[in-house]
Amino acid sequence: MNKYRKFLFFLSSIGVLVVALSFFSFKTDIRIHEGYVAQTPWENLKVLPQNISKDSLDHLMKNYAMSLGVKCTHCHVPSKADPKKLDFASDEKMEKEIARGMIKMTDDLNDNYFKPYFPEPKPNQVHVVNCVMCHRGTVNPEKYLSQMGGMYKTYNPERDNRKEKIMEEKRKH
Ligand code: HEC
Ligand code: HEC
């Protein structure tokens with residue numbers, strides 16, 4: 001019986017020690033976070049906020065890619081130093097520049113045409129309009145819309161596709 005009690009005491013002191021230690025490690029963790037200053041590693045943001053966190057940027061980029069049904073390489077070129085990696089800061093691809101206009105457009109629609117008409121208290125940000133609302137997994141929404149019979153003008157690459165026109169201009173020079 002005495003042995004059994006000793007054993008119980010031993011067990012509970014280990015328990016107390018574990019709780020105390022976990023408290024301590026929790027505390028040090030908090031101190032680390034307090035001293036942490038958010039880094040802004042971004043080199044070439046012209047539309048998104050300069051101090052956007054890596055998590056938020058990753059989330060947005062994946063969302064763009066999924067909405068258009070493309071990979072990162074649709075807007076980003078391979079790095080010259082290491083072609084296996086992408087040079088995310090480069091503005092070489094016209095798709096990236098077009099995407100900047102698209103980001104501004106959706107922000108503008110949300111901020112100026114949806115948010116003001118939300119009831120009080122208004123949310124800080126609204127995300128009613130987004131890329132997938134128009135794109136639905138394709139790069140050019142006009143293509144699937146033109147398949148909807150008489151509901152939309154017929155897709156005409158000569159007239160509608162800005163990218164074709166830019167490429168044609170480039171070929172001329
Ligand atoms: C539809 C086009 C598009 C796709 C697809 C896309 N991006 Fe981007 N990305 C952009 C645009 C536009 C910017 C610049 C935003 C700005 O100017 O504020 C950017 C910026 C970035 C940056 C910041 C570069 C810097 O330092 O300035 C990173 C990192 C990035 N993208 C990663 C990715 C990854 C990873 C993927 C694939 C999951 C991806 N992107 C897919 C359009 C795209
Ligand atoms: C109001 C509808 C609408 C919304 C919202 C929209 N787009 Fe677009 N987008 C279009 C149309 C239409 C085209 C094709 C016509 C053109 O490029 O001139 C297009 C073309 C593009 C292209 C060029 C595609 C290519 O390679 O041919 C990119 C890149 C793009 N959009 C990115 C985005 C991103 C990123 C978002 C969200 C931030 C977005 N779009 C939101 C309508 C929209």
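Note that ligands are numbered from 1 as they come in the structure, with each ligand's atoms numbered from 1 the same way. Below, each value reflects all heavy atoms present in this structure, side chains not excepted, and no hydrogens, waters or symmetry copies.
In terms of N/O distances under 3.5 Å, ligand 1 is not approached by Lys62. Looking at ligand 1, you won't find any N or O of Cys75 less than 3.5 Å from one of its N or O atoms. Checking only distances, Arg162 does come within under 3.5 Å of ligand 2, N or O to N or O. Not one N or O of Ala89 is nearer than 3.5 Å to an N or O of ligand 1, by distance alone. The N/O atoms of Lys163, backbone and side chain alike, include one that comes under 3.5 Å of an N/O atom in ligand 2. Geometrically, ligand 1 and Asn44 share a nitrogen or oxygen pair separated by less than 3.5 Å.
The contact set between ligand 1 and Leu48, taken as ligand atoms under 4.0 Å from a residue heavy atom, comprises 15 (C), 16 (C), 18 (O). In summary, the atoms of ligand 1 found under 4.0 Å from a heavy atom of Trp42, numbered by their order in the structure, are 23 (C), 26 (O), 29 (C). Ligand-side atoms of ligand 2 in range of Asn130: 5 (C), range being under 4.0 angstrom from any heavy atom. Residue Glu95 approaches ligand 2 through these ligand atoms, each under 4.0 Å from one of its heavy atoms: 26 (O), 29 (C). With ligand atoms numbered from 1 in the order given, ligand 2 contributes 5 (C), 38 (C) to contacts under 4.0 Å with heavy atoms of Thr106. When each atom of ligand 1 is checked for a heavy atom of Lys96 under 4.0 Å away, the hits are 11 (C), 12 (C), 13 (C), 14 (C), 19 (C). Those atoms of ligand 1 with a heavy atom of Val47 less than 4.0 angstrom away are 16 (C), 17 (O), 18 (O).
Distance alone, capped at 3.5 Å, is enough to place a donor-acceptor pair between the Asn110 side chain and the Val129 backbone. Although no hydrogens or angles enter the test, the distance criterion places no donor-acceptor pair under 3.5 Å between the side chain of Lys80 and the main chain of Asp87.
Residue, atom and distance of the protein heavy atom nearest to atom 14 (C) of ligand 2 are Asn140 OD1, 3.3 Å. Residue, atom and distance of the protein heavy atom nearest to atom 38 (C) of ligand 1 are Cys72 SG, 2.7 Å. Of all protein heavy atoms, the one closest to atom 17 (O) of ligand 1 is Arg100 NE, 2.5 Å. Protein heavy atom closest to atom 19 (C) of ligand 2, with residue, atom name and distance, is Met102 CE, 3.3 Å. What sits closest to atom 16 (C) of ligand 1 on the protein, heavy atoms only, is Lys46 N, 3.3 Å. Remark: minimum distance from atom 22 (C) of ligand 2 to any protein heavy atom is reached at Ile98 CG2, 3.6 Å. Counting protein heavy atoms only, atom 24 (C) of ligand 2 is closest to Val139 O, 3.5 Å. The nearest heavy-atom contact from the protein to atom 30 (C) of ligand 1 is Phe88 CD2, 3.5 Å.
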For side-chain contact (heavy atoms from CB on, under 4.5 Å), just list the numbers for Thr73 and Leu86, CA-CA rounded to whole Å, side-chain angles, deciding distance to a tenth of an Å, and then say yes or no.
-> CA-CA 8 Å; Thr73 49; Leu86 295 179; 3.8 Å; yes
So Ile98 and Met102, side-chain contact (heavy atoms from CB on, under 4.5 Å) or not? Walk me through it.
-> CA-CA 6 Å; Ile98 294 178; Met102 297 276 157; 4.1 Å; yes
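Taking 4.0 Å as the cut-off between side-chain N and carboxylate O, Asp58 and Lys54 count as a salt-bridged pair. For Glu97 and Arg100, the salt-bridge test passes: some basic side-chain N is under 4.0 Å from an acidic carboxylate O. Ion pairing of Glu169 with Lys172 is present here, as a side-chain N (NZ or NE/NH1/NH2) and a carboxylate O approach within less than 4.0 Å. Looking at Lys122 and Glu120, a side-chain N of the basic residue comes within less than 4.0 Å of a carboxylate O on the acidic one, giving a salt bridge.
At least one N, O or S atom of His76, from either the backbone or the side chain, sits less than 2.8 Å from atom 8 (Fe) of ligand 1. Among the atoms of Met105, no N, O or S atom falls under 2.8 Å of atom 8 (Fe) of ligand 2.
Summarising the geometry of His74 relative to Glu95, their closest heavy-atom pair is O-CB, 3.3 Å, with the distance given to 0.1 Å. For the residue pair Ile52 and Trp42, the shortest heavy atom distance occurs at O-NE1, 2.8 Å. Nearest heavy-atom pair, Glu43 versus Ala89, reported as atom, atom and distance to 0.1 Å: OE1-CB, 3.6 Å. Residues Val126 and Pro123 share a closest heavy-atom pair of CG1-CG, 3.4 Å.
Environment of NZ in Lys93: crowded, with over 12 heavy atoms of neighbouring residues, nucleotides or ligands closer than 6.0 Å. Counted within 6.0 Å of OH on Tyr113, heavy atoms from surrounding residues, nucleotides or ligands total 12 or fewer; the atom is thus considered open. By the neighbour-count criterion of 12 heavy atoms within 6.0 Å, atom NZ of Lys165 is densely surrounded, having more than that number from other residues, nucleotides or ligands.
Comparing Ala65, Cys134, Ala99 by heavy-atom distance to atom 2 (C) of ligand 2, the nearest is Cys134. Comparing Glu43, Lys71, Met61 against atom 21 (C) of ligand 1, the shortest heavy-atom distance belongs to Met61. With Ser67, Pro141, Cys131 as candidates, the residue nearest to atom 41 (C) of ligand 2 on a non-hydrogen basis is Cys131.
Residue-level proximity to ligand 2 for Leu68 is carried by the side chain, the only part with a heavy atom below 4.0 angstrom. The part of His135 lying near ligand 2 is the side chain, judged by heavy-atom distances below 4.0 Å. Contacts with ligand 1 closer than 4.0 Å are made by no heavy atom of Leu86, backbone or side chain. At a heavy-atom cutoff of 4.0 Å, ligand 2 is contacted by the side chain of His74 but not by its backbone.
You'll find the side chain of Arg136 stays beyond 4.5 Å of the side chain of Leu145, heavy atoms only. You'll find the side chain of Leu60 stays beyond 4.5 Å of the side chain of Ile103, heavy atoms only. Phe118 has its side chain within reach of Val128: a pair of non-hydrogen atoms, C-beta onward, lies under 4.5 Å apart.
In this structure, Val132 falls outside the shell of residues with a heavy atom less than 4.0 angstrom from ligand 2.
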